[in-house]
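Treat the numbers as computed from the prediction; the structure is a model and nothing was measured.
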Amino acid sequence: MAALQSIGTAAGSLRRNPVLFVVAAAFSLVQLPSAFAQAVSPLIGSIISLGFSGLTIFIVPFFLGGVLGMANEAIDGRTSLGTFVSEGKTHYVSLLVVYFSLLAVNLVLSFVGVFVSVFAGIAILGSDGDVSTVALAVLGVVGLAVVLTYLAVVFVVQFFGHAIVIDDLGAVDGIKRSVSCVRNNLVSVLGYSVITGLGGLLAGGFAVVISLLLTPSLRHQGAAMTGSGAGAPAASTLSGLPTVGVVGMVALAVGLVLVSGLIGGFFAAYSTAFYRSIRPTNPETTTP
C-alpha cells in the first residue's frame, strides 16, 4: 500500500537529510511569541497572536514551497537550505493564491454556519416546541453539511502544494492535479489521511497541553469554577495543572520546538513521498 510504503521512503530521506527537521523546527519558532505572551497576559497574548496569525498567512506559502522542494530533493539524494529559498521564491505566488482561495472558502462556509445558527436560534426562542424541534433539526443538518463540505474540500485539494512545487504547475492546475490524484487513488489517499490524521491528533494534543501549562489564567479560572455542575470535572483538571516558572516555560518552549521539528519534518518527507507515488507517471500528457 502506497501510504505504508511511503513511510520507509520518508524515513530514508530524513536519515540522509536531517536538515528537514531543522527547517520545520525553525518555522515553529513563529508560534513562541504568542505562547509566551499568553503566559504574561491573555489580552496581550490575544493581540500578539492575532498579529502573528496575519503575518503567518504570508509566511506559510513560502515555507510550504521551500520545505516541499527540499523534501522532494531529499528523496533523490541530498538537499540544502538553498533549495528551501529558491523553491519558496519560485512558487510563492501560486501557493499564496491557492492559500487565500482556501481561506475564502473557509470564510464562506463559516458565514453560512453562523447565519443558519442565528436564524435557528431566533426561531427556537420565538416559537413553540414543534417549530423549535424543526429548527434544531435544520441547524443540525446544515451544520453537518458545512463540516462535510469543508472536509471534502480539504481532502481533495490537500496535494495542491505538492503539485505546484514538484510538478511545477500553476495555482489552478495544481488544484486540478490534486483532485485528479485523489480521485484516481481514493483508497490509498484514505489510508494516508488516517495516518496523518492520527499524527495530527497526537501533535494537537501535545500543543494543547503546552498551551495550558503556559497560560496561568486558565488555572485560575479552573480554580474559580471548581465545585458542582457539568463543568466541574474540566474545571478541576484545569485548576490541578502544575505551576510553571520561567525555567519551566523555557523547557516547554524548547520541547515544543523539538517536537514540532520532528513532526513537521516527517510530515513534509512523508507527504512528498506519498504524492510522488500517486502522481501521474507522465504528467505532461495526463489530464486531470
Side-chain angles (χ1 to χ4, degrees), residues 1-14 16-17 19-21 23-24 27 59-77 79-80 83-103 105 151-197 199-200 263-288:
M1 186 178 180
L4 295 178
Q5 293 173 350
S6 297
I7 295 177
T9 303
S13 66
L14 288 168
R16 293 189 301 271
N17 301 275
V19 67
L20 281 169
F21 293 126
V23 172
F27 180 74
I59 294 177
V60 167
F62 180 84
F63 172 79
L64 183 61
V67 76
L68 290 181
M70 288 184 69
N72 185 49
E73 191 174 64
I75 291 175
D76 296 323
T79 189
S80 65
T83 299
F84 176 81
V85 175
S86 62
E87 292 293 327
K89 290 168 60 177
T90 300
H91 303 288
Y92 180 76
V93 174
S94 295
L95 291 170
L96 184 66
V97 169
V98 179
Y99 194 64
F100 270 106
S101 299
L102 293 178
L103 284 178
V105 171
L151 292 177
V153 171
V154 171
F155 182 72
V156 298
V157 305
Q158 61 180 308
F159 300 109
F160 76 87
H162 303 77
I164 290 174
V165 175
I166 297 173
D167 293 330
D168 197 24
L169 299 176
V172 176
D173 288 336
I175 292 177
K176 289 181 178 179
R177 176 63 54 79
S178 178
V179 173
S180 175
C181 287
V182 172
R183 186 180 65 239
N184 295 328
N185 302 273
L186 191 58
V187 175
S188 294
V189 175
L190 283 172
Y192 163 84
S193 299
V194 170
I195 293 173
T196 55
I263 295 175
F266 174 77
F267 177 76
Y270 177 52
S271 64
T272 301
F274 179 75
Y275 174 76
R276 285 174 51 139
S277 72
I278 65 171
R279 66 194 286 257
T281 55
N282 190 2
E284 291 78 15
T285 60
T286 302
T287 56

So CZ of Arg177 and CD1 of Ile164: to nearest 0.5 Å the spacing works out to 11.0 Å
Heavy atoms of Leu20 and Ala71 approach each other most closely as CD2-N, 4.0 Å
*Does Thr90 reach the main-chain N or O of Ser86 with its side chain, forming a donor-acceptor pair under 3.5 Å?*
yes
Note to self: Has Asn17 got a side-chain atom pairing as donor or acceptor with Gly77's backbone, closer than 3.5 angstrom?
What the structure shows: yes
When rounded to the nearest 0.5 Å, the distance separating CD1 of Ile59 from OH of Tyr92 is 8.5 Å
*Would you call Ser271 and Ser6 a side-chain contact if the rule is heavy atoms closer than 4.5 Å?*
no
Residues 175-195 vs ring pair (Phe, Tyr, Trp, His ring centres under 6.0 Å), sequence neighbours excluded, gives Phe159-Tyr192, Tyr192-Tyr270, Tyr192-Phe274
Margin query: I'd like to know whether Gln158 forms a side-chain contact (heavy atoms from CB on, under 4.5 Å) with Ser193, so could you lay out the CA-CA distance, the side-chain angles of the two residues, the decisive distance to 0.1 Å, and finally the verdict.
Written below: CA-CA 10 Å; Gln158 61 180 308; Ser193 299; 3.5 Å; yes
Taking every heavy atom of Leu14 against every heavy atom of Gly265, the minimum-distance pair comes out as CD2-O, 3.7 Å
Between the NE2 atom in His91 and the CG atom in Leu68, the distance rounded to the nearest 0.5 Å is 9.5 Å
When every non-hydrogen atom of Arg16 is compared with those of Asp76, the smallest separation belongs to NH2-N, 4.5 Å
Rounding to 0.5 Å, atoms CG (Asn185) and CG (Leu190) come to a distance of 10.5 Å
In this structure, CG of Asp167 is separated from OG of Ser178 (nearest 0.5 Å) by 11.0 Å
Note: Val60 and Phe27 closest approach over all heavy atoms is CG2-CZ, 4.0 Å
The side-chain contact (heavy atoms from CB on, under 4.5 Å) partners of Leu102 (sequence neighbours excluded) come to Val98, Val153, Val157, Phe160
When rounded to the nearest 0.5 Å, the distance separating CZ of Phe155 from CG of Leu186 is 5.0 Å
Has Thr272 got a side-chain atom pairing as donor or acceptor with Ala269's backbone, closer than 3.5 angstrom? no
Heavy-atom nearest pair, Ser13 first then Ala74, reads CB-O, 3.6 Å
Of all heavy-atom pairs linking Gly174 and Leu169, the shortest is N-CB, 4.0 Å
Step by step, would you call Ile195 with Leu4 a side-chain contact (heavy atoms from CB on, under 4.5 Å)?
CA-CA 9 Å; Ile195 293 173; Leu4 295 178; 4.0 Å; yes
